[in-house]
Amino acid sequence: MSNVYKPGTGSRAVALDETQLLDTQRAFDSVAADYDGPRGNNELIQRMRLTLWDTVTGEVVPGSRLLDLGCGTGIDAAEFAQRGYQVVASDWSPQMVERTRMRADTIGLSSRVSAVHVGVHQLERIEGTFDGIYSNFGPLNCAPDLEAVANECARLLRPGGKLVFSVMGRVCPWELGYYALKGRFRRATVRATRGATAVGMNRHTIWTYYYLPREFYRAFAPHFSLASYRALSLFLPPPYLVDYYRRRRGWCDQLGKIDDRLGSLPLLRDMGDHFLIVMHRR
């Protein structure tokens, strides 16, 4: 359930329950067939993917066993399989799981990619031990109980194993400015909402929590040490503004270089469309 989408209008925060979880599942099922297109895999998304891929490869030795939380259509799982990893790819959307299986079969990597229909709130269903666990583009923003996810990650990850998560942040300057200039002030501040927030996609609803990096880490602190975190798409526009990027590619590529240089600095790393956080199992 790769949580990349063009946000709609957020509603008042609510407590997430089974109904909201099913809303989120239906939303991602509805876009699975075309999610490899601009909605889920444009140039800005791919740039963020590369950062996660290289971070995981730097943290976990190829040949190791990885667990993908919210695999979407399996782009990340297939990449890591090609890099020599064994991957269990999980997602709450059955249509996304089927797309992942088809991708692995098509490229001849089904022996290295096992796709399972398991949401981030159902990790007790997964058995075995992993060397690394990763999640890209915010599936963990849809987890109803982040501490429960952290506890299951601790169970599944060997001592010394690594977590690498891309998470939607609470402070996105581009989003604040973009929607404020359009006069959509409620939309501009949706990430400030506490609790689960309704965000539209394809006439469906995704129930989403937003985090500062330290807020997110707090759930994992009992079992994991914080190694690093950095901003993703801080100076670059967020992926749903890809049309702006395409019109001003040269300028935006320079902004991307600034992201690369400055995105891990104190204060700046607490902002951005997403943040990339790395944790080590104690």
Side-chain angles (χ1 to χ4, degrees), residues 1-5 7 10 13 16 24 28 40 44-45 47-56 59 66-72 75-76 90-92 119-121 123 132-154 157 162-175 190-197 199 201 206-221 223-234 236 238-240 259 263-264 266-281:
M1 187 170 62
S2 183
N3 197 359
V4 178
Y5 51 89
L16 200 60
T24 299
F28 282 101
L44 293 171
I45 291 170
R47 196 179 195 281
M48 295 165 73
R49 282 192 194 281
L50 289 170
T51 302
L52 180 130
W53 291 351
D54 291 344
T55 301
V56 170
E59 293 285 341
L66 296 176
L67 175 61
D68 183 333
L69 304 182
C71 63
I75 292 174
D76 298 324
S90 64
D91 204 286
W92 177 225
V120 295
H121 58 293
L123 297 182
I133 302 175
Y134 69 90
S135 182
N136 208 0
F137 298 117
L140 295 178
N141 291 89
C142 299
D145 185 342
L146 197 59
E147 288 185 3
V149 173
N151 290 337
E152 289 299 320
C153 286
L157 200 63
K162 311 297 176 61
L163 300 181
V164 181
F165 295 151
S166 172
V167 181
M168 289 186 295
R170 187 176 289 283
V171 182
C172 180
W174 264 96
E175 189 165 293
V190 68
R191 296 189 187 220
T193 306
R194 299 287 174 172
T197 303
V199 181
M201 183 177 74
I206 298 171
W207 293 91
T208 306
Y209 295 86
Y210 296 100
Y211 297 100
L212 292 170
R214 291 286 177 172
E215 289 177 328
F216 183 85
Y217 172 64
R218 195 174 299 132
F220 291 82
H223 306 289
F224 296 90
S225 299
L226 178 60
S228 65
Y229 65 93
R230 63 169 297 116
L232 297 176
S233 282
L234 171 56
L236 268 173
Y240 57 86
D259 260 356
S264 60
L267 297 181
L268 292 179
R269 63 185 178 180
D270 292 308
M271 297 184 285
D273 183 55
H274 285 64
F275 58 87
L276 186 72
I277 188 167
V278 179
M279 294 173 275
H280 298 173
R281 176 75 164 91

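In this structure, Arg281 has no salt bridge (Lys or Arg N to Asp or Glu O under 4.0 Å) partners at least two apart in sequence or on a different chain. Listed by chain and number, the residues in a ring-ring contact (aromatic ring centres under 6.0 Å, His included) with Tyr229 amount to none (sequence neighbours excluded). Not a single salt bridge (Lys or Arg N to Asp or Glu O under 4.0 Å) links Arg269 to another residue, sequence neighbours left out. Listed by chain and residue number, Arg155 satisfy the side chain to side chain donor-acceptor pair (under 3.5 Å) test with Glu152 (two or more places apart in sequence, or in another chain). The side chain to side chain contact (heavy atoms under 4.5 Å, CB included) test applied to Ala148 returns Asp145, not counting sequence neighbours. Taking the salt bridge (Lys or Arg N to Asp or Glu O under 4.0 Å) definition, one finds that Glu215 meets it with Arg170, Arg194, sequence neighbours left out.
The distance from the CE atom of Met279 to the CZ atom of Phe165 is 5.0 Å, given to the nearest 0.5 Å. Here the straight-line distance linking atom CG of Asp68 with atom CG of Asn136 works out to 8.0 Å at 0.5 Å rounding. With rounding to the nearest 0.5 Å, the separation of NZ in Lys162 from CG in Leu66 is 11.5 Å. Within the model, atoms OG of Ser135 and CG of Asn141 stand 8.5 Å from one another, a figure rounded to the nearest 0.5 Å. Rounded to the nearest 0.5 Å, atoms OG (Ser228) and CG (Leu276) are 7.0 Å apart. We find the CG-CG distance between Leu44 and Leu232 to be 11.5 Å, quoted to the nearest 0.5 Å.
A distance-only check finds a donor-acceptor pair linking the side chain of Thr24 to the backbone of Trp207 [under 3.5 Å]. Between the side chain of Tyr134 and the backbone N or O of Ser166 there is no donor-acceptor pair closer than 3.5 Å. Judged purely by atom type and a 3.5 angstrom limit, Thr208 has no side-chain atom pairing as donor or acceptor with the backbone of Cys142.
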Stepwise side chain to side chain contact (heavy atoms under 4.5 Å, CB included) test for His223 and Cys153: CA-CA 9 Å; His223 306 289; Cys153 286; over 6 Å; no

Would you check, one step at a time, whether the test side chain to side chain contact (heavy atoms under 4.5 Å, CB included) holds for Asp273 with Leu236? CA-CA 9 Å; Asp273 183 55; Leu236 268 173; over 6 Å; no

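Closest of all the heavy-atom pairs between Met48 and Ser233 is SD-OG, 3.5 Å. When every heavy atom of Phe216 is checked against every heavy atom of Leu140, the shortest pair comes out as CZ-CD1, 3.8 Å. When every heavy atom of Leu234 is checked against every heavy atom of Leu268, the shortest pair comes out as CD2-O, 3.5 Å. When every heavy atom of Arg191 is checked against every heavy atom of Gly272, the shortest pair comes out as NH1-O, 4.1 Å. Phe275 and Tyr211 get closest at one heavy-atom pair: CE2-O, 3.4 Å. Considering all non-hydrogen atoms of both residues, Ile133 and Leu157 come closest at CG1-CD1, 3.8 Å.
When side chains are defined from C-beta on, Phe137 does not count as touching Leu52, because their heavy atoms never get closer than 4.5 Å. By the 4.5 Å heavy-atom criterion applied to side chains, Tyr210 and Val199 are counted as neighbours. Taking 4.5 Å as the limit, every side-chain heavy atom of Tyr217 sits out of range of all side-chain heavy atoms of Val167. Residues Cys71 and Asp76 fail the side-chain proximity criterion, which asks for heavy atoms closer than 4.5 Å. Within the 4.5 Å cutoff, the side chain of Leu226 has no heavy atoms near those of the Phe220 side chain. Ile206 is listed as a side-chain neighbour of Phe28, based on a closest heavy-atom distance under 4.5 Å.
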